[in-house]
Protein chains: 2
Amino acid sequence: MATIGDVARVAGVSRSTASYALSGKRAITPAVRAKVEEAVRELGYTPNAGARALATSQTRVLGLLARFLEDEFAPAMLQYILGVTDEARRLGYDTLLVSEEDGVRALQRLANSRMVDGFVLLNVAERDDRLGVLREARQPGVLVGLPERTSGVDVFDLDFVATGRLMVDRMHELGHHELILVSQPEHVVERGGAYVWRLANAARERAAQLGIGLHTYFGSSSQPSIGQDLNGFLDAHPTATGLLLNNEAAAAALPSVLAARGLRIPEDISVIGRYSDDFARTFSLPFSSIDSAADELGRAAVQQLVARIEGRIAAGAPNIVHLISPEIHERGSTAAPREILDQSG
Amino acid sequence: MATIGDVARVAGVSRSTASYALSGKRAITPAVRAKVEEAVRELGYTPNAGARALATSQTRVLGLLARFLEDEFAPAMLQYILGVTDEARRLGYDTLLVSEEDGVRALQRLANSRMVDGFVLLNVAERDDRLGVLREARQPGVLVGLPERTSGVDVFDLDFVATGRLMVDRMHELGHHELILVSQPEHVVERGGAYVWRLANAARERAAQLGIGLHTYFGSSSQPSIGQDLNGFLDAHPTATGLLLNNEAAAAALPSVLAARGLRIPEDISVIGRYSDDFARTFSLPFSSIDSAADELGRAAVQQLVARIEGRIAAGAPNIVHLISPEIHERGSTAAPREILDQSG
DNA sequence: CTGAAAGCGCTTACAG
DNA sequence: CTGAAAGCGCTTACAG
């Protein structure tokens, strides 16, 4: 493999001149620059990443720490991951993806071995044990997911409080008085999936303000149990006219559950979901829903991280918490409840 | 950050002794080894990855080149990716995930900069333009996905020929005479998704041998078009009694399509799918199906790659093509066709 | 505008 | 069994 020494020799200049000609960090005679560039082409020269990292203390690699919870639907993570890797590459960085169980060890390994210039943590828990290590690492870090304490890190997430409120508000505007919220499995919450109860609490609070009855449940993450869950919830609250879903499996199972019960959407029951539009398209989830904004969150997180790495953000600058506002993507699964229609009809 | 020099100083030995004590590459007095280990703990020493890579020409990083086709369901890729990253970590390697559009450039960049010790290519096309670069790279490479030419690389894939045959055979055993096969969108095939036509051709051939009528179609990748597609296929072949699905979106849309037509499974129509069991569980895909074996393929590929990297496979040893045999995971969506039942009843 | 040299932090023959 | 030294391939002050 060609080295910078080979380039220098072929171009007839010193190694430092070759290096500067390529980095542009000092003025170079155009003729010399041209000779160096020609040599690079001729030899197919690419700098050795390890040598460069050793000399500059920069790797141009980001560490991406994924975290998979039992009963959480893993493939949904890919959209965050691709947002991160694509944006990183656009900014000149590669991405080391770490999926190992023990995120703390992984973080220590990457930080201490100086394999990466910064970290993106995915699926951050309320009290995420990775954060202590991250705050002590020399590399900056950015989170996708809102923890209890945000000092020392930049945070990006969907605004789950606003999401819970929005779901209830929309139903309220339509005239609904009794709703059922189906969340992810309780396991997910126990393992630190704070977004689940953050959405649920906000919904509950808003419902109380508006005088709406809201029944909140955890649902299973797969068939056939989620189907049984849904039937149970509907049996328990026969007068509920709206369903809020923060659970992909529930959204997938609901159409056949409602069909079996002879309920039509939105005539008999209104539904609002919270999941990725991509899943909605491929898996025929026919409900108006709030998108996870995974790609957008991943990209924004990387932009902030790279700005910190490259010193474009003052070291003392305060950390940011950026929450994306939820928007309902309409698919026609909401309407006024039947009681209202009957009165007006 | 502590260096090996710091460790040596604290332990009161030379740098080479410290290095050998940690690598175990030469005999060390137990007492010396203990002192070095103590120093490592005290200082929290971790070797600098760049320096080590420079000295050894080994990075202990694998390059994972993903490839996303328009109209192919991206999240399905995550299961391959996690198989790779988990197995790599188990064997002591980290994984650089590359998702950029131009896989050839990415491969050249990683190979020439010596950022990785080997490559895993995902979703390999029939004539994959990455293979030329890979064959010339100094690092070994392994493919998940079977290309036309396999020289110089190790290959792992589900046996799609056997899959096509198995689907038809199973239907034949049950007494079906007329089947419909719904494949992924034509786009996927055009972009090199050879597995689509490999399965379809094998199914067609077997059907011809057995005297079964097989109607093959490309289906859309999302709603509502896939629902229209399915209705169109069923309208065109009202006497068909079995459906073979090589298309996730079709599997997700089918239940409601059949319900609307008043068809029951398996009484009125038998169905066999080909998709991941994980999707089946979460998205309520209620059909007997052949799993993609994504995790297994990713792991097997990494094991082979690491064996080559570490020289446990002779340089001249022939390359392997490992095809996993398909198995039908029963979910009760197949039965004898109604005509047969009627005759026997 | 260019070159010779030091240094980044490791590993590993070479000597003893 | 241990140490002094060279070398991996870069970048970047330091001189000129």
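Protein chains get the first letters and strands the later ones, always in sequence-line order, with residue 1 at the start of each. Hydrogens, waters and symmetry mates play no part in the numbers below; they use all other heavy atoms, side chains included.
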ask   = Side-chain donor-acceptor pair under 3.5 Å between B:Ser14 and B:Thr17, yes or no?
value = yes
query = Given Watson-Crick or G-U pairs with both distances under 3.5 Å, what dot-bracket string fits DNA chain C, with | for other-strand pairs and [ ] for crossing?
reply = |||.||||||||.|||
Using a cut-off of under 3.5 Å, enumerate the N/O to N/O pairs linking the protein to nucleotides 4-8 of chain C.
from: C:dA4; atom 1: N6; to: A:Ser16; atom 2: OG; distance (Å): 3.0

message = With a 4.0 Å cutoff (strictly under), does any side-chain N or O of B:Ser19 reach OP1 or OP2 of C:dC10?
response = no
ask   = With the threshold set at 4.0 Å, does a side-chain nitrogen-carboxylate oxygen contact exist between B:Arg299 and B:Asp295?
value = yes
query = Does any non-hydrogen side-chain atom of A:Thr59 lie less than 4.5 Å from one of A:Arg114?
reply = no
key: Rounded interatomic separation in angstrom, taking CZ from A:Arg52 and C1' from C:dG9   = 18 Å
query = Below 4.0 angstrom, N of the basic side chain to O of the carboxylate: do B:Arg89 and B:Asp86 qualify?
reply = no
remark   = Hits for ring-ring contact (aromatic ring centres under 6.0 Å, His included) against A:Phe156, two or more places apart or cross-chain, chain-then-number order -> A:His322
key: Test side-chain hydrogen bond (donor to acceptor under 3.5 Å, both in side chains) applied to B:Arg15 - qualifying residues, sequence neighbours left out   = none
message = Quick test of your reading of the model: are A:Glu100 and A:Arg109 salt-bridged, counting only N-O distances below 4.0 Å?
response = yes
message = Tell me which residues in residues 27-43 of chain A lie within less than 4.0 Å of DNA chain D, going by non-hydrogen atoms.
response = none
message = I need the CZ-P distance between B:Arg60 and C:dC10, as an integer number of Å.
response = 16 Å
ask   = Between B:Ser23 and B:Gly50, who's closer to the 5' end of DNA chain C by nearest nucleotide?
value = B:Gly50
Listed once per pair and sorted, the salt bridge (Lys or Arg N to Asp or Glu O under 4.0 Å) pairs that draw on residues 309-321 of chain A, sequence neighbours left out = A:Arg60-A:Glu310, A:Glu310-A:Arg312
remark   = Nearest heavy-atom contact between B:Ala106 and B:Val98 is CB-CG1, 3.5 Å
ask   = Would B:Glu38 and B:Lys35 pass as an ion pair if we require N to O under 4.0 Å?
value = no
Closest approach of B:Arg308 to B:Ile313 (non-hydrogen atoms, all atoms of both residues) = NH1-CG2, 3.4 Å
query = Do the side-chain N or O atoms of A:Lys25 get closer than 4.0 angstrom to the phosphate oxygens (OP1, OP2) of D:dT11?
reply = no
message = Please report the distance, rounded to the nearest Å, between CZ in B:Arg9 and C1' in D:dG3.
response = 17 Å
